[in-house]
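Below you'll find the structure, written out as structure tokens, and then a few comments.
Counting starts at 1 for both ligands and their atoms, in listed order. Numbering starts at 1 and runs along the sequence shown.
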Amino acid sequence: MNPMYGGVKGKTPAYIHALINVLYIDGPSRFEGGSLQLAEALKDVIIRAGGEVVGNAPVESIEVAEHKVQRVVTIDGTVHTAQKYIAAIHPSELFRIITPGAFPKAYQNRLKNIPNTYSAFTLFIEFRDETFPYINHTCYYERDYDNIWNLAQYDEASWPAGFMYMTPATAKQGSFASHMIINCIMPYQAVEQWADTRTGRRGVEYETWKAARCEDIICLMEKCYPNFRPALKRVHAASPLTVRDYFHTPNGSLYGYAKDCHNIILTQVPVVTKIPNLLLTGQNVGLHGICGVPLSAITTAEAIVGANKIVNQMQP
Ligand SMILES: Cc1cc2nc3c(=O)[nH]c(=O)nc-3n(C[C@H](O)[C@H](O)[C@H](O)COP(=O)(O)OP(=O)(O)OC[C@H]3O[C@@H](n4cnc5c(N)ncnc54)[C@H](O)[C@@H]3O)c2cc1C
């Protein structure tokens with residue numbers, strides 16, 4: 001399960017290993033028909049409460065004056081104002097768009113110096129009809145199980161060391177899978193030479209390299225499933241650069257800040273900031289993923305409405 005939480009030998013605290021594993025031991029769950037439903041359901045809650053969700057609107061600047069956020073401006077020039085603001089982005093992205101000098105230098109330097117978790121190369125595969133069985137659990141394959149804690153080390157000749165793959169459930173899931181996601185850990189250094197490029201315009205050399213990495217994964221999958229290749233209808237690939245450019249995380253980090261058992265305090269980032277009307281949330285102020293991010297959301301919300309106000313209302 002290591003690829004699920006970016007565990008690194010001698011570094012990742014045992015509590016992360018324990019929290020992620022207990023989810024699986026208690027019974028893994030998946031969304032029938034995709035996890036977008038959760039986002040849509042949350043959106044409905046916000047709209048019912050009188051709010052609005054604005055998509056496709058990158059924030060270009062967060063303007064701070066007199067120790068307060070005064071306004072947020074999106075790429076199309078729209079200005080948003082509020083009593084309180086919550087940044088659910090990586091702090092390095094926050095520092096990029098906020099008024100320079102808004103935070104003390106020491107705070108920025110501390111956060112900028114926290115190492116981030118590694119990235120991944122991901123395949124999204126569409127299968128031909130009724131060619132590949134639906135598998136009702138997440139699968140892991142490693143070439144060398146002794147290497148499981150060192151996945152961040154990159155050697156193109158022997159990459160991928162292994163992968164995590166899953167066949168997400170469709171709304172009326174039958175015995176065949178319609179698609180598959182394969183995640184292979186890949187550090188940013190593998191794509192660093194194309195760091196200055198943007199999605200869709202990275203050049204022929206990159207496209208050739210990317211096609212070769214797809215082939216590496218498909219060849220390894222064929223070892224697990226000899227009839228894998230004929231089942232493929234379409235294959236889409238994403239590299240650490242894709243993750244970087246879509247999520248605005250440094251070096252395409254999958255899970256944000258890398259926790260360190262030798263320095264637990266290093267990655268403890270409070271949800272409140274020196275700017276009283278600006279709070280933080282998301283994977284960088286707590287744990288990542290479906291287990292961690294909702295907990296950060298509750299912590300941030302309780303920083304506004306009061307301790308235990310939300311937890312006490314939750315149904316067991
Ligand atoms: C390929 C991949 C596979 C993963 N698989 C799993 C998994 O199987 N299980 C699991 O539990 N976790 C998984 N994770 C981790 C999980 O997705 C994250 O921990 C979680 O999404 C983090 O939530 P967040 O709200 O902190 O940040 P994000 O989900 O990254 O949300 C931040 C959002 O802010 C947006 N943003 C950034 N900058 C700006 C800006 N300037 N203006 C406006 N918007 C901006 C980003 O586009 C993004 O949509 C995976 C992550 C990746 C990348």
Within the structure, does [X] bring an N/O atom to less than 3.5 angstrom of an N/O atom in ligand 1?
| X | result |
| --- | --- |
| Val59 | yes |
| Ile290 | yes |
| Glu93 | yes |
| Tyr246 | yes |

For [atom], what's the nearest protein heavy-atom neighbour? Residue, atom name and distance, please.
| atom | value |
| --- | --- |
| atom 2 (C) of ligand 1 | Leu254 CD2, 3.9 Å |
| atom 23 (O) of ligand 1 | Val293 CG2, 3.4 Å |
| atom 7 (C) of ligand 1 | Met4 CE, 4.0 Å |
| atom 34 (O) of ligand 1 | Ile89 CG2, 3.5 Å |
| atom 38 (N) of ligand 1 | His248 ND1, 3.0 Å |

Inset, instruction - Please check if the distance between the ring centroids of His288 and Tyr257 is under 6.0 Å. - result: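 No; Tyr257 has its ring centre 6.0 Å or more from that of His288.
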
Legend entry - Ring center gap for Phe176 and Phe127 short of 6.0 angstrom: no

Short check: is a protein heavy atom less than 4.0 Å from [atom]?
| atom | answer |
| --- | --- |
| atom 41 (N) of ligand 1 | yes |
| atom 26 (O) of ligand 1 | yes |
| atom 47 (O) of ligand 1 | yes |

Inset, instruction - Compute whether any side-chain donor of one residue and acceptor of the other, for Tyr225 and Tyr165, lie under 3.5 angstrom apart. - result: yes

Inset, instruction - Verify whether one side chain among Glu205 and Thr208 offers a donor that lies under 3.5 Å from an acceptor in the other. - result: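 No pair is found: no donor N or O on one side chain lies under 3.5 Å from an acceptor on the other.
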
Which of the listed options, [options], holds the heavy atom that is closest to [atom]?
| atom | options | result |
| --- | --- | --- |
| atom 5 (N) of ligand 1 | Val54, Asn56, Asn183 | Asn183 |
| atom 12 (N) of ligand 1 | Gly256, Gly289, Ser119, Ser253 | Gly289 |
| atom 20 (C) of ligand 1 | Arg96, His90, Gln283 | Gln283 |
| atom 30 (O) of ligand 1 | Tyr255, Phe247, Phe124, Tyr5 | Phe247 |

Legend entry - Sole residue of Thr281, Thr300, Ile86 in side chain to side chain contact (heavy atoms under 4.5 Å, CB included) with Val271: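 Considering Thr281, Thr300, Ile86, a side chain to side chain contact (heavy atoms under 4.5 Å, CB included) with Val271 is found only for Thr300.
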
Give the atom numbers and elements of ligand 1 that come within less than 4.0 Å of a heavy atom of [X].
| X | value |
| --- | --- |
| His288 | 19 (O) |
| Pro58 | 42 (N), 43 (C) |
| Gly282 | 26 (O) |

When you check the gap from the basic side-chain N to the acidic O, do [X] and [Y] get nearer than 4.0 Å?
| X | Y | value |
| --- | --- | --- |
| Glu207 | Arg202 | no |
| Glu32 | Lys172 | no |
| Arg96 | Glu60 | no |

Inset, instruction - Report yes if some heavy atom in the side chain of Ser296 is under 4.5 Å from a heavy atom in the side chain of Gln283; otherwise report no. - result: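 No, every pair of side-chain atoms sits at 4.5 Å or beyond.
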
Inset, instruction - Answer yes or no: is there a side-chain heavy-atom contact under 4.5 Å between Phe124 and Ile182? - result: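 Side chain of Phe124 against side chain of Ile182, heavy atoms only: no contact under 4.5 Å found.
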
Inset, instruction - Look at ligand 1 and say whether Ala88 reaches it with a heavy atom at a distance under 4.0 Å. - result: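 The answer is yes: ligand 1 sits under 4.0 Å from a heavy atom of Ala88.
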
Inset, instruction - Over 60° means perpendicular and under 30° means parallel, so classify the ring planes of His17 and Trp149, tilted if in between. - result: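 Ring orientation of Trp149 relative to His17: tilted.
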
Inset, instruction - Could I get the full list of side-chain contact (heavy atoms from CB on, under 4.5 Å) partners for Val73, not counting sequence neighbours? - result: Ser61, Glu63, Arg71, Val79

